[in-house]
Amino acid sequence: NAGVMQNPRHLVRRRGQEARLRCSPMKGHSHVYWYRQLPEEGLKFMVYLQKENIIDESGMPKERFSAEFPKEGPSILRIQQVVRGDSAAYFCASSPPVQYDEQFFGPGTRLTVL
Amino acid sequence: AQSVTQLGSHVSVSEGALVLLRCNYSSSVPPYLFWYVQYPNQGLQLLLKYTTGATLVKGINGFEAEFKKSETSFHLTKPSAHMSDAAEYFCAVSESFGNEKLTFGTGTRLTIIP
């Protein structure tokens, strides 16, 4: 059973461009979480999704950021018009639909905005 | 709202010595507590978790943690440090039924001195 997959692992964008980060959860997992880790900081929750539903987006910046988890395919975190402050590691985690089961983390996507 | 405080952003111990990483939490309901380890440029790996039941929890790689409700603490320990334990350690809390998003501490970087 493959783990959580994220791609790309590294992404470089210039200011004003769009960034798309992909996350494929583990097989059988229907819950996906996105977290952001700024340099020298802990992880901060961004958004929690189930298939075709956003459950909690309280950690998402109000503008430029969006997330989806379609019925088929990976979850996508989209950042429009990136700025230097968006440079960070973005981690995706997935879990099965069992209360308080472990969240399995992917290796992360490291976004650098020039 | 829940929060996590990790005292000591950097901890150094000699190989073979006791490892103690501190974590205090704040939660309005009985918490669910986790310790994760992160190696450089990798995702997070679960060390151990407390949900209900026995307050002393044993995890992987010889680590254990004790949930102390009266002290709102969940400190991580290991009797004898190994060079391979050098990494960043994150304490996290989750409290909401149906939305198991994690709130992380800022992390403790553990260095092992040969």
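Protein chains get the first letters and strands the later ones, always in sequence-line order, with residue 1 at the start of each. As a basis for the values below, the full set of heavy atoms in this structure was taken, side chains included, without hydrogen atoms, waters or symmetry mates. These numbers come from a predicted model, not from an experiment.
- With rounding to the nearest 0.5 Å, the separation of NZ in B:K101 from OH in A:Y48 is 11.0 Å.
- The part of A:Q37 that comes within reach of chain B is its side chain, from C-beta onward, which places non-hydrogen atoms under 4.5 angstrom from that chain.
- Heavy atoms of other residues, nucleotides or ligands lying less than 6.0 angstrom from CZ of A:R64 number more than 12.
- Within the 4.5 angstrom heavy-atom criterion, no atom of B:Q45 approaches chain A.
- Hydrophobic clustering keeps A:F91 apart from A:L77 (ILVMFWY residues linked when any side-chain heavy atoms are closer than 4.5 Å, directly or through intermediates).
- Shortest non-hydrogen contact noted between A:F105 and B:L44 is CB-O, 3.5 Å.
- Residues B:Y36 and A:Q103 come closest through the heavy atom pair OH-O, 3.2 Å.
- Each of A:F65 and A:L43 belongs to its own hydrophobic cluster when Ile, Leu, Val, Met, Phe, Trp and Tyr are linked at side-chain heavy-atom distances under 4.5 angstrom.
- Under a cut-off of 6.0 angstrom, the local environment of CD in A:Q81 is sparse, with at most 12 non-hydrogen atoms contributed by other residues, nucleotides or ligands.
- A distance-only check finds no donor-acceptor pair linking the side chain of A:Y35 to the backbone of B:F104 [under 3.5 Å].
- Both B:M83 and B:Y89 sit in one connected hydrophobic cluster of ILVMFWY residues. Membership requires side-chain heavy atoms under 4.5 Å apart, directly or through other members.
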